[in-house]
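Worksheet for the structure shown next.
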Amino acid sequence: MPVFKPNIIEISDFEAPELDVYARLTERQLYNHHEPGKGLFIAESPKVIERALDAGYVPVSFLLEKKHITGEARGILSRCEGVPVYTAEFDVLTRLTGFSLTRGALCAMGRRPLPKVEEVCAGARRIAVLEDVVNPTNVGAVFRSAAALNMDGVLLTTACSNPLYRRAVRVSMGTVFQIPWTFLDREADGHSRKGMELLKKLGFKTAAMALKENSISVDHPALAAEERLAVVLGAEGDGLSSAVIADCDYTVCIPMAHGVDSLNVAAASAVAFWALGNKPGTF
């Protein structure tokens, strides 16, 4: 049986153009890099990279701490014969990228065309909808909760932070590759309200998470009884727009104690998904 030998390239020049994706391109530049309409994203840590590979994403190159070539990343590299692996010691990689690599591993991967809203919603009973959530850490955390707590998919407005931004992918622990998602208002001429109309045409009742006088509790039995429900969460600070709240079938709140007025959107999503998601499986 032939012995697999990864395509190892020692980093000797910080200015090498093949390192631009790790050292110099912004998230927006990565989005438009590589091939028109496709772009790249960065997966960070062996576990996240493995989940991206399992989902069928194609690696372009790796940036690895030396010890991981025969350590944590060995199995990953064996699946990616011929893909360039740029390597150096941890402190060199930190100087190159400007941050400490999680478990010493990055992988540049090609993006894929996004599904249509109808595809994400096909057969789904519970969908999460994010309106203008701009913090990638929060987007990643919402995805992790959605995957863990029995949501069938995630829809986002185009003003949201992209789920394939490096920080969002890392915080999600790769669940962005495991749960279907797309942008809701891309198919509704950029209007969130038209996105709500589209969901209703697809047979969903919509539940706006908002602290309003007419809100019902997240554990209200009417919500659990809905056959198809979209849980709509808003931006950090301002929450959902008044127009979207008005267009939803329900306005829902999480009861607060000790004078706390609200939860961060990531924390609120976890509570809402636990209460409103599909019935958990048996452990």
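Worth knowing before you read on, the calculation uses all heavy atoms, side chains too, and leaves out hydrogens, waters and symmetry mates. Each residue takes its place number in the sequence, starting with 1.
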Practice item. Return yes if some donor-acceptor pair links the side-chain N/O of Arg228 with the main-chain N/O of Leu202 below 3.5 Å, else return no. Key: yes
Review point. Backbone N or O of Val142 within a donor-acceptor pair of the Ser145 side chain at under 3.5 Å?
Key: no
Check your understanding: Roughly how far, to the nearest 0.5 Å, is the CG atom of Leu223 from the OG atom of Ser217?
Key -> 8.5 Å
Review point. Are the side chains of Phe62 and Leu106 in touch, meaning some heavy atoms are under 4.5 Å apart?
Key: no
Check your understanding: Going from CG on Leu156 to OG on Ser161, what distance comes out if it is rounded to the nearest 0.5 angstrom?
Key -> 9.0 Å
**Study point:** Heavy-atom donor-acceptor pair, Thr175 side chain to Gln178 backbone, under 3.5 Å
**Key:** no
Revision key, fill the gap. Here the gap from Asp13 atom CG to Leu96 atom CG, rounded to the nearest 0.5 Å, amounts to 10.0 Å
**Study point:** Test side chain to side chain contact (heavy atoms under 4.5 Å, CB included) applied to Leu263 and Met256, step by step
**Key:** CA-CA 9 Å; Leu263 295 174; Met256 299 282 113; 3.8 Å; yes
Check your understanding: Does the pair Asp54/Arg79 count as a salt bridge with the N-to-O cut at 4.0 Å?
Key -> yes
Point to revise | Any donor-acceptor N/O pair, Thr206 side chain to Asp249 backbone, under 3.5 Å | key: yes
Review point. Any sub-3.5 Å donor-acceptor pair from Lys200's side-chain atoms to Asp247's backbone N or O?
Key: yes
Point to revise | Residues Tyr86 and Glu10: side-chain donor-acceptor under 3.5 angstrom | key: no
Practice item. Mind listing the closest non-hydrogen atom pair of Val60 and Gly110 along with its distance? Key: CG2-N, 4.2 Å
Practice item. Flag the pair Tyr165 / Tyr31 as yes when their ring centroid distance falls below 6.0 Å, and as no otherwise. Key: no
Review point. Heavy atoms, side chains only, cut-off 4.5 Å: are Val129 and Val231 in contact?
Key: no
Exercise for review: Would you indicate whether the side-chain heavy atoms of Glu81 and Lys5 approach each other to under 4.5 Å?
Suggested key: no
Point to revise | Test item: Arg166 and Phe41 side chains (from C-beta on) under 4.5 Å apart, heavy atoms | key: no
Check your understanding: How about Ile127 and Met151: do any of their side-chain heavy atoms sit closer than 4.5 Å?
Key -> no
Exercise for review: For the pair Leu63 and Cys107, evaluate side chain to side chain contact (heavy atoms under 4.5 Å, CB included) and give the outcome as yes or no after the intermediate values.
Suggested key: CA-CA 6 Å; Leu63 187 70; Cys107 181; over 6 Å; no
Check your understanding: Between Thr251 and Ala208, is there a donor-acceptor pair closer than 3.5 Å when you use the side chain of the first and the backbone of the second?
Key -> no
Point to revise | Cluster check Val271, Leu211: I/L/V/M/F/W/Y, side chain < 4.5 angstrom | key: no
Revision key, fill the gap. Tightest non-hydrogen contact, residues Met109 and Ala43, listed as SD-CB, 4.1 Å
Exercise for review: Hey, could you give me the CD/CG distance between Glu27 and Asn162, rounded to the nearest 0.5 Å?
Suggested key: 8.0 Å
**Study point:** Electrostatic pair Arg170-Glu44, nearest N-O below 4.0 angstrom
**Key:** yes
Practice item. Would you kindly say whether Arg125 and Asn278 are connected by a side-chain donor-acceptor distance under 3.5 Å? Key: yes
Exercise for review: For the pair Ser172 and Val139, evaluate side chain to side chain contact (heavy atoms under 4.5 Å, CB included) and give the outcome as yes or no after the intermediate values.
Suggested key: CA-CA 8 Å; Ser172 82; Val139 170; over 6 Å; no
Check your understanding: Got Phe177 and Pro163 here, is their nearest side-chain heavy-atom distance under 4.5 Å?
Key -> no
Point to revise | Asp20 CG to Leu25 CG distance, which is reported to the nearest 0.5 Å | key: 5.0 Å
Review point. Where is the tightest heavy-atom contact between Lys205 and Glu226, given as atom of each residue plus distance?
Key: CG-OE1, 3.2 Å
Review point. Okay, side chain of Arg51, backbone of Met173: is any donor-acceptor separation there less than 3.5 Å?
Key: yes
Point to revise | Short N-O contact, Glu72 and Lys47, less than 4.0 angstrom | key: no
Exercise for review: Grab the two heavy atoms, one from Gly140 and one from Val171, that are nearest each other, plus how far apart they are.
Suggested key: C-CG1, 3.9 Å
Study note, to complete from the structure: Minimal heavy-atom distance between Val232 and Cys248, with the atoms involved, is CG2-SG, 4.1 Å
Exercise for review: Please confirm whether the backbone N or O of Val265 pairs with a side-chain atom of Asn138, one donor and one acceptor, at under 3.5 Å?
Suggested key: no
Check your understanding: Side-chain contact, heavy-atom cut-off 4.5 Å: Glu131 with Leu233?
Key -> no
Check your understanding: Is the gap between the ring centers of Tyr22 and Phe99 under 6.0 Å?
Key -> no
Point to revise | Residue pair Ser61, Glu18: steps toward the side chain to side chain donor-acceptor pair (under 3.5 Å) verdict | key: CA-CA 9 Å; Ser61 67; Glu18 57 267 24; over 6 Å; no
Practice item. With side chain to side chain contact (heavy atoms under 4.5 Å, CB included) as the test, would you mind laying out the steps for Ile42 and Leu164 before giving the verdict? Key: CA-CA 8 Å; Ile42 303 296; Leu164 292 186; over 6 Å; no
Review point. When the ring planes of Phe143 and Trp181 are compared, do they come out parallel, tilted or perpendicular, using 30° and 60° as the limits?
Key: perpendicular
Practice item. Find out whether Leu77 and Ile69 are in side-chain contact, i.e. whether some heavy atom of one side chain is under 4.5 Å from a heavy atom of the other. Key: yes
Review point. Is Ile76 linked to Val58 within one hydrophobic cluster, defined over Ile, Leu, Val, Met, Phe, Trp and Tyr using a side-chain heavy-atom separation of less than 4.5 Å?
Key: no
Point to revise | Hphob cluster co-occupancy, Val134 + Val244, side-chain heavy atoms under 4.5 angstrom | key: no
Check your understanding: Do Val92 and Val21 sit in the same hydrophobic cluster, where Ile, Leu, Val, Met, Phe, Trp and Tyr count as joined when their side-chain heavy atoms come under 4.5 Å apart?
Key -> yes
Review point. What is the minimum heavy-atom distance between Ala207 and Leu229, and which atoms define it?
Key: CB-CD1, 4.1 Å
Review point. Does the Gln29 side chain pair with the main chain of Thr26, one donor and one acceptor, at a distance under 3.5 Å?
Key: yes
Point to revise | Reported CG-to-SG distance for the pair Asn135 and Cys160, which is rounded to 0.5 angstrom | key: 11.0 Å
**Study point:** Donor-acceptor under 3.5 Å (Thr157 side chain, Asp132 main chain)
**Key:** yes
